[in-house]
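Step one of this worksheet: look at the structure below.
Reminder, nothing fancy here: chain letters follow the sequence lines and each chain counts from 1.
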Amino acid sequence: MSAVARVTLPDGKTLEVERDKTCGDVAAMIGPGLARAAIACYWRGELCASEQQLGGDGSLSIITKKSPDAVRVLRHSAAHLLAAAVRDLFPDAQLGFGPPTDEGFYYDFVVEEPFTPEDLERIEFRMRELKKEGLPFTRREMDAAAAAAELRRLGYQLKAEYLEELKLTAEVISFYDNGDRFTDMCRGGHVASFQAISAFKLVGASGAHWRGDVDNAPMQRIHGTAFFTQEDLDHHLAMIEEAKKRDHRRLGPALDLFSFHEEAPGFPFWHAGGMVVWHEIESLVRGELLGRGYKEIRTPLIMTDELWRKSGHYDHYRDNMYFVEKDSRSYAVKPMNCPGACIVYATDLHSYRDLPLRIAEFGFVHRYELSGVLHGLFRARGFTQDDAHVYCTPDQIEAEVLDCLDMLRVVYRTLGFDDVRLFLSTRPEDRMGEEELWDRAESALESALRAADEEFEVNAGDGAFYGPKIDIYLTDSLGRGWQCGTIQLDFQMPERFDLEYVGADGARHRPVMIHRAILGSMERMIGVLVEHYAGQLPVWLAPVQAILLPITDRQSPYAEDIAVRFRKAGLRIDVDGRGDKIGSKIRDAHNRRIPYLLIVGDREVQDETVSVRPRGGADRGAVPVDDLVAELARLHAERAPMSDTAQSDEGQSAETQSVRTQSAGSDEPGPTKQT
RNA sequence: GCUGCCGUAGCUCAGUGGUAGAGCACCUCCUUGGUAAGGAGGAGGUCACGGGUUCAAAUCCCGUCGGCAGCUCCA
């Protein structure tokens with residue numbers, strides 16, 4: 001065995017280092033600055049403490065404060081600080097696990113009584129006191145037997161039990177001490193000391209079970225979050241507040257777009273206002289489909305079980321499907337549109353001249369979701385995919401994917417999303433199909449991405465079992481990522497449905513199938529838009545684009561009269577003919593997020609004008625009616641991103657300003673996906 | 001689905017064992033007022049549903065349904 005380890009660095013360079021050196025030693029060899037900045041590292045792809053011994057060859061990446069993962073280390077340290085404070089205040093509390101999460105960290109405890117909000121305040125206060133003491137994190141290593149003894153000495157029963165299962169695989173068990181205040185068995189790494197946990201906050205408590213298993217002891221989980229600077233923490237908390245204000249589950253019903261009811265849990269009821277938004281989006285997409293040579297179809301909502309057995313959905317997805325029985329046959333409500341599209345494909349014998357055959361469907365699908373995961377429009381049990389299936393030859397994949405990416409950019413930009421992240425997911429271990437086909441498919445996707453000049457990340461091994469895919473995340477005005485679009489290659493479905501085309505050689509061939517969705521789900525996209533715009537939809541999407549506000553009822557006939565001129569131009573306009581004062585009508589129209597408020601008094605009647613007050617802006621003065629009709633018609637036709645002055649909405653919604661330009665609070669891809 | 005919390009008027013919420021409340025919204029009347037809430041009056045609730053305890057239940061207990069947060073899940 002060589003005494004030298006070959007260490008590969010992120011830039012591809014390799015270093016030869018003695019095997020018994022640690023990752024921290026390597027950092028010091030690279031530079032003293034890096035050694036000081038090092039918080040932890042990735043050694044052979046796993047998060048490790050700087051004290052990790054190399055022990056052999058591998059790849060090394062040093063985590064500094066600037067690394068995206070550094071905050072996870074900080075949060076992990078914060079979890080220790082939390083546990084230290086809890087043990088101080090509740091000496092009988094048994095410790096569970098305390099890992100970092102995407103948003104923060106948590107720690108599980110076995111305690112007699114659930115933690116109260118007052119307890120959390122005391123714990124947080126104690127954490128601040130402990131932080132001030134500034135005890136360093138110091139690492140100790142021992143073998144499993146010694147570790148078990150140590151855990152029993154500390155009174156950590158659950159961890160001791162856990163270790164007994166673990167010890168077969170782990171040779172070295174590490175502990176982290178903070179002086180004699182607190183000790184925890186932990187892989188590390190950690191920041192230097194409690195003092196280094198600069199900004200943190202406890203955000204709540206909830207129930208949990210030991211090791212996540214309901215048959216195990218119930219525990220209490222305390223959630224918190226931590227950042228390197230107070231500014232980042234404040235920003236994070238402000239973002240959460242902002243997201244709460246924009247919550248589509250509150251705004252949607254308030255703006256009369258949709259509602260949810262006990263009579264159909266998980267299924268939205270679309271109101272007239274929501275349907276306007278729906279139809280505008282649908283027509284945007286349909287316009288693109290036409291220009292790109294798609295055919296649009298509609299397949300049945302309910303099809304027999306046999307179909308779903310054939311497609312493979314029954315085996316894999318049965319628990320999430322709805323079934324109905326009639327005529328002693330069993331039918332399933334469709335959870336996906338592709339089998340229907342395949343049936344339509346197979347109604348004809350296709351020539352290679354027909355390919356690529358692009359078949360689109362706004363398909364209403366039903367998927368039974370566990371009650372706990374339902375979340376307004378973001379996670380519903382019934383939703384409408386803007387689905388399409390492209391049947392083509394392997395040679396055509398690249399061009400088709402390129403066109404999908406182009407359409408995606410156009411649609412997203414029109415909706416107001418410029419920031420998009422793409423992920424290429426390649427072959428998973430458990431897969432079907434020949435290697436050669438996978439090679440071709442993956443390289444087709446990759447070259448399409450390059451041809452589109454798109455930056456992308458590779459999620460190796462994350463593809464579907466039936467083919468590789470590109471997942472597209474858009475970023476909203478709060479910096480949150482949402483997985484909406486997806487482009488998936490499928491070699492299996494054409495096989496299962498025995499789809500064919502006749503080639504130039506006169507022989508029958510198997511087409512490749514591309515599943516693609518741009519919006520993902522109409523419902524969810526509308527939810528995202530409501531939150532993205534804080535309810536202040538641009539003119540083309542707004543259910544009511546302008547409202548006429550007569551000063552007194554003397555001007556009401558005039559208002560009704562000119563409203564007709566707006567409607568004839570295809571615009572959506574209301575008249576507020578109530579007997580309220582103008583201030584009250586303005587306030588009300590603002591709360592409805594109507595883009596244009598048009599005030600009409602005697603002067604305007606006289607001059608055949610309206611006084612224009614754009615949403616969020618000040619009085620723009622009198623504008624001839626015909627000019628304004630033309631202006632709004634243009635904004636509508638062009639699907640202009642926002643009405644020109646609609647920036648903020650001070651008073652009742654300062655919510656829209658300030659956040660739009662801020663950098664992403666979290667770069668994590670969106671928490672939900674539904675395609 | 002799991003853990004915890006919650007369910008009172010269209011909405012936001014008071015009401016901890018003794019006759020169901022407020023603000024906003026709605027309706028009527030007065031007011032006709034020029035850029036973010038004019039005034040008065042009225043109507044509106046089987047306190048989610050079912051069972052139990054009690055002389056008495058919105059209130060306490062059990063169950064069901066629904067919601068929220070977190071967990072898990074999203075072929």
Can you tell me the distance, in whole Å, between the [atom1] atom of [X] and the [atom2] atom of [N]?
X	N	atom1	atom2	answer
A/Phe269	B/rG67	CZ	P	12 Å
A/Ile551	B/rA36	CD1	P	11 Å
A/Phe260	B/rC65	CZ	P	20 Å
A/Tyr107	B/rC71	OH	P	17 Å
A/His375	B/rC73	NE2	C1'	15 Å
A/Leu370	B/rA75	CG	P	13 Å
A/Arg379	B/rC68	CZ	P	13 Å
A/Tyr322	B/rA75	OH	P	17 Å

N-O pairing of A/Arg592 and A/Asp574 below 4.0 Å: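 Yes, charged N to carboxylate O under 4.0 Å.
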
Salt-bridge criterion met for A/Lys310 and A/Glu306 (N-O under 4.0 Å): no

Whichever of A/His223 and A/Gln220 has its nearest RNA chain B nucleotide further upstream toward 5':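 Nearest nucleotide further toward 5': that of A/Gln220.
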
Closest-nucleotide 5' rank along RNA chain B - winner of A/Lys585 and A/His261: A/Lys585

Name the one of A/Asp619, A/Val623, A/Val600 that satisfies side chain to side chain contact (heavy atoms under 4.5 Å, CB included) with A/Ser611?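 Among A/Asp619, A/Val623, A/Val600, the one that satisfies the side chain to side chain contact (heavy atoms under 4.5 Å, CB included) with A/Ser611 is A/Asp619.
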
Less than 4.0 angstrom between a side-chain N/O of [X] and OP1 or OP2 of [N], yes or no?
X	N	answer
A/Arg249	B/rC68	yes
A/Arg578	B/rU31	no
A/Arg318	B/rA75	no
A/Thr552	B/rG33	no

Base-pairing mate for [N] - Watson-Crick or G-U, with both contacts under 3.5 Å:
N	answer
B/rA25	none
B/rC74	none
B/rC65	B/rG7
B/rU16	none
B/rC60	B/rG52
B/rG33	none

CA sep, side-chain torsions, deciding dist, call: A/Tyr107, A/Phe109, ring-ring contact (aromatic ring centres under 6.0 Å, His included): CA-CA 7 Å; A/Tyr107 214 115; A/Phe109 305 94; 5.2 Å; yes

Ring centres under 6.0 Å, that's the criterion: do [X] and [Y] meet it?
X	Y	answer
A/Phe383	A/His366	no
A/His76	A/Phe105	no
A/Tyr317	A/Trp308	no

Write down the distance separating the [atom1] atoms in [N] and [M], rounded off to the nearest Å.
N	M	atom1	answer
B/rC62	B/rC68	C1'	23 Å
B/rU8	B/rA22	C1'	12 Å
B/rU28	B/rG17	C1'	40 Å
B/rA20	B/rG44	C1'	13 Å
B/rC26	B/rC11	P	15 Å
B/rG63	B/rA69	C1'	23 Å
B/rG41	B/rC49	C1'	36 Å
B/rC55	B/rG15	C1'	23 Å

Report which part of the nucleic acid A/His313 touches: base, sugar-phosphate, or nothing (heavy-atom distance under 4.0 Å, all strands).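 Result for A/His313 = base.
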
Return the stacking result for B/rA36 and A/His590: yes when the ring centres lie under 5.5 Å apart and the planes under 30°, no otherwise.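 Base of B/rA36: stacked against A/His590.
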
Would you tabulate the pairs of protein nitrogen or oxygen atoms and nucleotide nitrogen or oxygen atoms of nucleotides 37-48 of chain B closer than 3.5 angstrom?
residue	atom	partner	partner atom	Å
B/rA37	N7	A/Arg587	NH1	3.3
B/rA37	N6	A/Arg587	NH2	2.5
B/rA37	N1	A/Arg587	NH2	2.7

Tell me whether the side-chain N or O atoms of A/Glu604 pair up with the base of B/rG34 as donor and acceptor below 3.5 Å, since no angle test is needed here. yes

Distance-only donor-acceptor test (3.5 Å): side chain A/Arg554, base B/rU32: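 Not at all, since no donor on one side and acceptor on the other fall under 3.5 Å apart.
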
So if I take every side-chain heavy atom of [X] and compare against [options], which nucleotide ends up nearest?
X	options	result
A/Ile582	B/rA75, B/rU35, B/rG1	B/rU35
A/Val373	B/rG1, B/rC74, B/rA75	B/rG1
A/Ile599	B/rA75, B/rG34, B/rA36	B/rG34
A/Asp602	B/rG34, B/rA75, B/rG67	B/rG34
A/Phe465	B/rA75, B/rG70, B/rU35	B/rA75

Listed partners of A/Tyr345 passing ring-ring contact (aromatic ring centres under 6.0 Å, His included), at least two apart: A/His350, A/Tyr391

Which residues satisfy the ring-ring contact (aromatic ring centres under 6.0 Å, His included) test with A/His271, sequence neighbours excluded? none

Check step by step if side chain to side chain contact (heavy atoms under 4.5 Å, CB included) holds for A/Leu489 and A/Leu445. CA-CA 9 Å; A/Leu489 298 188; A/Leu445 287 184; 3.9 Å; yes

